[in-house]
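Below: the structure, in structure tokens.
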Amino acid sequence: MEAIVADVAAWVADAQRIMVLTGAGISTESGIPDYRGPNGVWTKNPAAARLVDIDAYLSDPEVRRQAWLERMNHPAWTAQPGPGHVALADLERSGRLIGLATQNIDGLHRAAGTSGDVLLELHGTILRCRCLSCGFETPMQTQLDRVRAGEPDPSCVMCGGIQRSATVAFGQSLDVAVLNAAFSAAQACDLFLAGGSSLTVQPAAQLCAVAKRAGAKLVIVNADPTPYDSIADAVLDGRIGEVLPNMLKVPRQTL
Ligand code: NAD
């Protein structure tokens, strides 16, 4: 694998327009479990998937009550960025990162220093709360304070509607502007790097094929096989926190 990392490091050094897609696997080393990895939330408890199904959320108060408790105890509130997040923030400072699309909702790319200029949070963020009726947004901690004070399912202060995290549940659409920006960057890049994702959630996973079709080199770093491995120029199955910093060695003088 060292030889492949060296090849990819050379491609990274030559690339002028790099696009990155990350998934839950980049945050497992920060203590946030993924969904489908060997220790994933859904691997251990398939019923947990109901908490991120929009129909179940809207129709079942018990699902909402459980979802609020999950948000309150989410590891994102104490997690720190890992070496993979930091390596990508360094890559942006090299001036060649044109987009960092993430499926993660944990805020760790931002915490590592990635700017809003390149960050595309495809599935939203757990740091904010949104009313499903009127769209009014508040910081998540404001709503969690209400849960701690005894409200099992705090409703919107503006319209009384049902609220949930500003994240995309199964059955909801992605933000069109964010998605379009991700597809444009995938079409414009000369190197596309996907890391820590099972690449099974659409439309995010399609970005790999879009970039490849547009002529970019495709590199996948993931502990398990993905459906896009067969079209990739390189597939690395090591730990992302070790592989990414090695492959993205950014010369410090460019910072
Ligand atoms: P996924 O759970 O489907 O896949 C994660 C992949 O990462 C797995 O294939 C696993 O083998 C790999 N992986 C885990 N740890 C790794 C490591 N240290 N090094 C290399 N690979 C590693 O996650 P996904 O593809 O992102 O899609 C699932 C959905 O999960 C997304 O919609 C996302 O919003 C949501 N999610 C987000 C978080 C988060 O924000 N941190 C956590 C769980 C789920």
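Atoms within a ligand are numbered from 1 in the order they appear, just like the ligands themselves.
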Query raised in the report: Going through the distances and angles, do V168 and L122 end up as a side-chain contact (heavy atoms from CB on, under 4.5 Å)?
Result: CA-CA 8 Å; V168 179; L122 296 171; over 6 Å; no
Query raised in the report: For ligand 1, which atoms, with element, lie under 4.0 Å from some heavy atom of G23?
Result: 26 (O)
Query raised in the report: With a cut-off of under 6.0 Å to the ring centre and 45° to the axis, is R130 in cation-pi contact with F136?
Result: no
Query raised in the report: Is it true that R64 and D153 have a side-chain N and a carboxylate O under 4.0 angstrom from each other?
Result: yes
Report summary line: The residue among R17, M19, E92 that forms side chain to side chain contact (heavy atoms under 4.5 Å, CB included) with L97 is E92
Query raised in the report: Hey, is the main chain of Q163 close enough, under 3.5 Å, to the side chain of Y57 for a donor-acceptor pair?
Result: yes
Query raised in the report: Which of the atoms of ligand 1 are close to V201, meaning less than 4.0 Å from one of its heavy atoms?
Result: 27 (O), 28 (C)
Query raised in the report: Which atoms from ligand 1 have a heavy atom of I32 less than 4.0 Å away?
Result: 41 (N)
Report summary line: heavy-atom search around atom 34 (O) of ligand 1 in the protein gives Q103 O, 2.4 Å
Query raised in the report: Would you say ligand 1 has an N or O under 3.5 Å from any N or O of P38?
Result: no
Query - Between D145 and T142: side-chain donor-acceptor atoms closer than 3.5 Å - result: no
Report task. Grab the two heavy atoms, one from W77 and one from M72, that are nearest each other, plus how far apart they are. Result -> CD1-O, 3.6 Å
Query raised in the report: Looking only at heavy atoms, is any part of H123 under 4.0 Å from ligand 1, and if so is it the side chain, the backbone, or both, or is it neither?
Result: side chain
**Report entry** T138 and its side-chain hydrogen bond (donor to acceptor under 3.5 Å, both in side chains) partner, picked from R146, R128, Q143
**Finding:** Q143
**Report entry** Top protein contact for atom 4 (O) of ligand 1, by heavy-atom distance
**Finding:** S198 N, 3.2 Å
Query - SB check R50 D60 (cutoff 4.0 Å) - result: yes
Query raised in the report: Which protein non-hydrogen atom lies closest to atom 35 (C) of ligand 1, naming both residue and atom, and how far is it?
Result: Y35 CE1, 3.5 Å
Requested in this report: Mark the output for G196 as yes if a heavy-atom distance to ligand 1 is under 4.0 Å, and as no if none is.
Outcome: yes
**Report entry** contact_flag P33 ligand 1 heavy-atom lt 4.0 Å
**Finding:** yes
Report task. Determine the interplanar angle of the W42 and F170 rings, folded into 0 to 90°, and report it as parallel if under 30°, tilted if 30 to 60°, perpendicular if over 60°. Result -> tilted
Query raised in the report: Quick one: does E29 get an N or O within less than 3.5 Å of an N or O on ligand 1?
Result: yes
Requested in this report: Look only at interatomic distance and state if A24 has a nitrogen or oxygen under 3.5 Å from any nitrogen or oxygen of ligand 1.
Outcome: yes
Requested in this report: Run the contact test for G238 against ligand 1 with a 4.0 Å cut-off on heavy atoms, strictly below, and give the result.
Outcome: yes
Query raised in the report: How close does the nearest protein non-hydrogen atom get to atom 16 (C) of ligand 1, and which residue and atom is it?
Result: G25 O, 3.4 Å
Requested in this report: If you have a sec, work out which protein heavy atom is nearest atom 14 (C) of ligand 1 and how many Å separate them, to one decimal?
Outcome: D34 OD2, 3.2 Å
Report task. Apply side-chain contact (heavy atoms from CB on, under 4.5 Å) to the pair V118 and V20, showing each step before the final yes or no. Result -> CA-CA 10 Å; V118 294; V20 176; over 6 Å; no
Query raised in the report: Under the 3.5 angstrom rule, does the side chain of S30 hit a backbone N or O of Q80 as a donor-acceptor pair?
Result: yes
Report task. Identify, by atom number and element, the atoms of ligand 1 in contact range of D224, meaning under 4.0 Å from any of its heavy atoms. Result -> 9 (O), 10 (C), 11 (O)
Query raised in the report: Does I240, backbone or side chain, put an N or O under 3.5 Å from an N or O of ligand 1?
Result: yes
Requested in this report: Specify the protein heavy atom at minimum distance from atom 7 (O) of ligand 1: its residue, its atom name, and the distance to 0.1 Å.
Outcome: N222 OD1, 3.1 Å
Requested in this report: May I ask you to check whether S27 and H85 show a side-chain donor-acceptor distance below 3.5 Å?
Outcome: yes
Requested in this report: Could you give me the CA-CA distance, side-chain angles and deciding distance for N104 and H123, then say whether side-chain contact (heavy atoms from CB on, under 4.5 Å) is met?
Outcome: CA-CA 7 Å; N104 296 345; H123 296 165; over 6 Å; no
Query raised in the report: With atoms numbered from 1 as shown, which atoms in ligand 1 lie under 4.0 angstrom from a non-hydrogen atom of R239?
Result: 19 (N)
Query raised in the report: Which residue owns the protein heavy atom closest to atom 41 (N) of ligand 1, what's the atom, and how far is it?
Result: D106 OD2, 2.7 Å
Query raised in the report: Quick one: does ligand 1 sit under 4.0 Å from the side chain of T28, the backbone, both or neither, non-hydrogen atoms only?
Result: side chain
Report task. Could you name the option among V243, T125, L199, N104 that has the heavy atom nearest to atom 37 (C) of ligand 1? Result -> N104
Report summary line: One finds that the ligand 1 atoms under 4.0 Å from a non-hydrogen atom of S27 are 41 (N)
Requested in this report: Give the residue, atom name and distance (to 0.1 Å) of the protein heavy atom nearest atom 25 (O) of ligand 1.
Outcome: S197 OG, 2.7 Å
